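Only one structure is covered here, and it is reproduced in the block below.
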Amino acid sequence: MTHHELCLLAAQWLQSKNKLWSEPRCKYVVVEMVCLGSPCHPDVFGWGDGTGCGYAGVQIEVKMSHNDFKRDEKKKQKINPQFDLGAMKYYCCPNGIIKPEELPQDIGLLYEIDGKIEVIKAANHRQDKTPSYEVPFIDSVMRRLKIKPQIFDFRKDNGEH
């Protein structure tokens, strides 16, 4: 399985409804998107209340080797988590590449086993995070979808006064 294929599998897991109620589900998921306004470029990022995580953003970092995982320790968002995206974060890797005890307390771990995602360690809502860097990221998604800057006046559409 390639890195991109594992990213897509993790994205499908994040959007799936066939999970425990406590596991995150997101209505909107992007894969391998780079945003210049964000200090973080997650492999998978989802948001929107599909239940399980509320409206919190969820980040999944895909690692194909243990060396790739260890290189993450030098990233700005690892040193200072406020630069990271997602109130919940997971690492996803082929079976056994990362050990649960190598991760900080609130970070979750997903393994790809026989073409399916298995939760090895649940993620918790991170207390060290603010959603400020998620806004430019979501703004970039809207620009790429060609949603022009505008005023969304929902009151006029439903006849309320």
Side-chain angles (χ1 to χ4, degrees), residues 1-131 133-138 140-141 144:
M1 181 169 288
T2 68
H3 181 272
H4 184 68
E5 289 169 336
L6 188 49
C7 288
L8 290 173
L9 190 62
Q12 290 167 355
W13 173 83
L14 191 54
Q15 202 172 52
S16 171
K17 295 179 181 170
N18 299 323
K19 296 190 285 192
L20 298 174
W21 67 270
S22 59
E23 294 174 342
R25 271 188 296 282
C26 296
K27 289 180 183 177
Y28 310 101
V29 181
V30 295
V31 175
E32 294 188 298
M33 189 182 98
V34 174
C35 170
L36 297 178
S38 173
C40 177
H41 308 293
D43 292 320
V44 179
F45 184 74
W47 71 94
D49 187 17
T51 69
C53 65
Y55 283 99
V58 180
Q59 177 187 166
I60 301 175
E61 279 300 311
V62 172
K63 300 298 172 192
M64 299 303 287
S65 72
H66 196 264
N67 285 338
D68 187 19
F69 169 70
K70 294 305 273 180
R71 278 193 297 272
D72 259 16
E73 291 177 357
K74 296 179 176 107
K75 287 184 178 178
K76 181 178 2 180
Q77 59 271 21
K78 181 79 171 193
I79 296 165
N80 191 345
Q82 75 182 26
F83 292 123
D84 212 355
L85 290 179
M88 295 177 84
K89 181 175 183 175
Y90 287 87
Y91 278 95
C92 179
C93 64
N95 189 2
I97 298 259
I98 302 168
K99 304 293 182 224
E101 58 272 12
E102 294 181 275
L103 297 174
Q105 177 180 338
D106 292 333
I107 308 301
L109 180 60
L110 307 171
Y111 282 173
E112 179 272 322
I113 301 173
D114 297 326
K116 294 185 181 181
I117 297 295
E118 300 286 335
V119 178
I120 304 306
K121 179 184 175 214
N124 296 314
H125 281 265
R126 296 161 56 190
Q127 303 306 314
D128 59 0
K129 269 299 295 119
T130 60
Y133 287 106
E134 295 179 16
V135 173
F137 194 84
I138 294 170
S140 182
V141 170
R144 290 166 193 233

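From a predicted model like this one, the values you see are computed outputs, not experimental measurements.
Expressed to the nearest 0.5 Å, how far CD of Q59 lies from CE of M88 amounts to 12.5 Å. Note that the CD1 atom of I120 and the CG atom of N95 stand 6.5 Å from one another [nearest 0.5 Å]. Annotation: the span from D72 atom CG to N67 atom CG amounts to 12.0 Å, rounded to 0.5 Å. Rounding to the nearest 0.5 Å gives a distance of 13.5 Å between CG of L110 and NZ of K63. Once rounded to the nearest 0.5 Å, the distance linking SG of C93 with CE of M64 reads 9.0 Å. Distance check: K27 NZ to W47 CH2 gives 12.5 Å after rounding to the nearest 0.5 Å.
Shown here are the salt bridge (Lys or Arg N to Asp or Glu O under 4.0 Å) partners of K99, two or more places apart in sequence or in another chain: there are none. With sequence neighbours excluded, the residues satisfying ring-ring contact (aromatic ring centres under 6.0 Å, His included) with H66 are F69. Taking the side-chain hydrogen bond (donor to acceptor under 3.5 Å, both in side chains) definition, one finds that Q12 meets it with nothing, sequence neighbours left out.
Counting only heavy atoms from C-beta outward, the side chains of E5 and L9 never approach each other to under 4.5 Å. Side-chain atoms of S16 and R25, non-hydrogen and from C-beta on, never get closer than 4.5 Å to each other. In this structure, V31 and D43 have side chains that are not in contact, with every pair of non-hydrogen atoms separated by 4.5 Å or more. Inter-residue side-chain proximity for K89 and D106 is flagged as unmet; no heavy-atom pair is nearer than 4.5 Å. Side-chain contact check for P24 versus W13: some heavy-atom pair is nearer than 4.5 Å. Between H3 and L6, the closest side-chain pair of non-hydrogen atoms is not below 4.5 Å. With a 4.5 Å cut-off on side-chain heavy atoms, Y90 and L14 do not count as touching. When side chains are defined from C-beta on, C7 does not count as touching I60, because their heavy atoms never get closer than 4.5 Å.
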Stepwise side chain to side chain contact (heavy atoms under 4.5 Å, CB included) check, V44 with V30: CA-CA 6 Å; V44 179; V30 295; over 6 Å; no
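Put simply, the side chain of K121 gets close to the backbone of I107: a donor and an acceptor are under 3.5 Å apart. No side-chain donor-acceptor contact under 3.5 Å links Y111 to the backbone of I97. Put simply, the side chain of E112 never gets that close to the backbone of I117: no donor and acceptor are under 3.5 Å apart.
Contact between R144 and M33 at its shortest, heavy atoms only, is NH1-CG, 3.4 Å. Residue C92 comes nearest to A10 through the heavy atom pair SG-CB, 4.2 Å, listed as atom of the first residue, atom of the second, then distance. In plain terms, the two heavy atoms of L109 and P100 that are nearest each other are CD2-N, 3.7 Å.
Enclosure of atom CD in Q105 is not indicated, since only 12 or fewer non-hydrogen atoms of other residues, nucleotides or ligands lie within 6.0 angstrom.
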